[in-house]
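FYI, side chains are in, hydrogens and waters are out, and symmetry mates aren't considered; it's all heavy atoms of this structure. Remember, it's a predicted structure, so these values are computed and weren't measured experimentally. Below, chain A is the first sequence line, B the second, and so on; all start at residue 1.
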Number of protein chains: 2
Amino acid sequence: METTRQAARQRSAAEGRRRELLEAADRVVLRDGPGASMNAIAAEAGITKPILYRHFGDKGGLYRALAKRHTDALLSALRAALDAPADRRARVESTLDTYLAAIEARPQVYRFLMHPSDDAAPSPEQGFDVGRHSAPLLRRLGEELATVIAERVDLGPDSEAMARIWGHGIVGMMHAAGDWWLGERPCSREQLVRSLADLLWGRLAEAGDRADGPGF
Amino acid sequence: METTRQAARQRSAAEGRRRELLEAADRVVLRDGPGASMNAIAAEAGITKPILYRHFGDKGGLYRALAKRHTDALLSALRAALDAPADRRARVESTLDTYLAAIEARPQVYRFLMHPSDDAAPSPEQGFDVGRHSAPLLRRLGEELATVIAERVDLGPDSEAMARIWGHGIVGMMHAAGDWWLGERPCSREQLVRSLADLLWGRLAEAGDRADGPGF
DNA sequence: AGACTGTTGTTACCGCAAGTAACGAAGCGT
DNA sequence: ACGCTTCGTTACTTGCGGTAACAACAGTCT
């Protein structure tokens, strides 16, 4: 029978094929945006639709695979910044800058990752499963940051819960500010990084009321 | 001819109709999620598709109109919390709590607002228009908060730019934390509010390193 | 060699949703 | 009674996700 070697060869071949397909899909998504059709992707890969479906199940599968690639890449870059041997403020600034540089360099990729097409399961699920789809990247980043915070920062009791809240909150802050900044480019990256770090460093609490503000 | 009175009556009638249609659409979207079809919405309103298209142009138009309603409602609630005559920390906490209570009470609405179906204009626009569609609510919230910060908090020079950065950043923090919290319910709303406010109050800067953290 | 099996690929189709004519039937001013 | 606009319909086109059903090739067992 000789199944094992055979199977191994075929599996590795299949994986190589999968990578080719993913790279083709990548090109198309980068060119046409997240609305790229399966037909277009198949054409770019030089094949036809059913093959894509054999490899990835459905469109969500393909997009998940694609997202995982980019998410992994971005995450490893961020981990490097997070784990650097520097003081906390420097690490925060460098992580923010790494993220912003990444989305600045490849906005199409970023857009695809952040706004994946919603499958919108029409099943009559009663409970609220809000955000199950939507943005797995943000969730992963949030959890990642939460563990880093939990293992590095002393937050007293309830450290676990607090770290997760902060992880997701900080990631959301970075994401929203980055999204807005990328759209309007109202300032330099350096200024954005410094302002966000200042925010996290408590300047909101320290700042005084405006003298000419609404008097009360 | 008697155009003016006639025109006025018809316009107001059209607006009333529009409101009915929007309410029907609301019911359907709340029931079926953001993937609701135009046919379903029309059926709920007791009419057929083309009328919807006459009123709203395309699906994006309907969804935009729907989103505007809810966004306006949420925004006015938040404005009340932001403008309350209390000290800054209390205002921040009450605003966070208002937002979280809103998304907790009507997760389907929230989900629709945050993850609207992407139109994905296939036009070959060169530049990156990331985030133009996607989440107008977040942008509006960010700008709103930015103006409140700018007119109330003294941030020294560059106050304008900094306030906008903080506005979008804080809104993003609130949003991401809320999204995650709504999905996993890892803690009470009160704890979430307090932890986020603590984060904004500089506890990240104040906290010490963990004694048992990775030694470096 | 020749039948057997599995992978790779195709064409042709189904279902469904967005969006669009083209046409019918009211109200209302002249 | 005749137009004119508005509200409404049915019936269609287009395009996409997804799926049979079938064709061809490689290696495998007897």
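Under the 3.5 Å distance criterion, the side-chain polar atoms of A:Trp166 are matched with a main-chain donor or acceptor of B:Ser195. Between the B:Arg91 side chain and the B:Ala86 main chain, a donor and an acceptor come within less than 3.5 Å of each other.
In this structure, CG of A:Leu52 is placed 10 Å from P of D:dG17, rounded to the nearest angstrom. Nucleotide C:dA17 holds its P atom 11 Å from the CG atom of B:Asp32, rounded to whole Å. Atom NZ of A:Lys59 is separated from atom C1' of D:dT19 by 17 Å (rounded to the nearest Å). Atom pair B:His55:NE2 and D:dG8:P shows a separation of 7 Å (rounding to whole Å applied). Atoms CD1 (B:Ile51) and P (D:dT5) sit 19 Å apart, rounded to a whole Å. Atoms CE (B:Met38) and P (D:dC12) sit 21 Å apart, rounded to a whole Å. Atom pair A:Tyr53:OH and D:dA20:C1' shows a separation of 14 Å (rounding to whole Å applied). The interatomic distance linking A:Tyr63 (OH) with D:dG17 (C1') rounds to 11 Å, in whole Å.
At a threshold of 4.5 Å between non-hydrogen side-chain atoms, the residues B:His168 and A:Met173 do not count as touching. Residues A:Asp158 and B:Gln191 are in side-chain contact: their nearest non-hydrogen atoms beyond the backbone lie under 4.5 Å apart. Within the 4.5 Å cutoff, side-chain heavy atoms of B:Leu22 are placed close to those of B:Arg69. Counting heavy atoms from C-beta outward, A:Ile149 and A:Leu155 have side chains that approach closer than 4.5 Å.
Considering only side-chain N and O atoms, A:Arg54 lies nowhere under 4.0 angstrom from the phosphate OP1 or OP2 of C:dG6. A sub-4.0 Å separation between OP1 or OP2 of C:dT8 and a side-chain N or O of A:Arg18 is absent.
Of all the heavy atoms in B:Ser159 and B:Val153, the pair that sits closest is OG-O, 4.4 Å.
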(message) salt bridge (charged side-chain N to carboxylate O under 4.0 Å, His left out) for B:Arg185 and B:Glu104? Distances and angles first, verdict last.
(response) CA-CA 10 Å; B:Arg185 292 305 185 99; B:Glu104 183 181 27; 3.3 Å; yes
Polar atom pairs between nucleotides 12-15 of chain C and protein, under 3.5 Å, N or O only, would you list them?
none

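For the segment residues 39-48 of chain A, the set of residues with a heavy atom within less than 4.0 Å of an atom of DNA chain C comprises A:Ile47, A:Thr48, in numerical order.
With sequence neighbours left out, A:Trp181 forms a ring pair (Phe, Tyr, Trp, His ring centres under 6.0 Å) with no residue at all.
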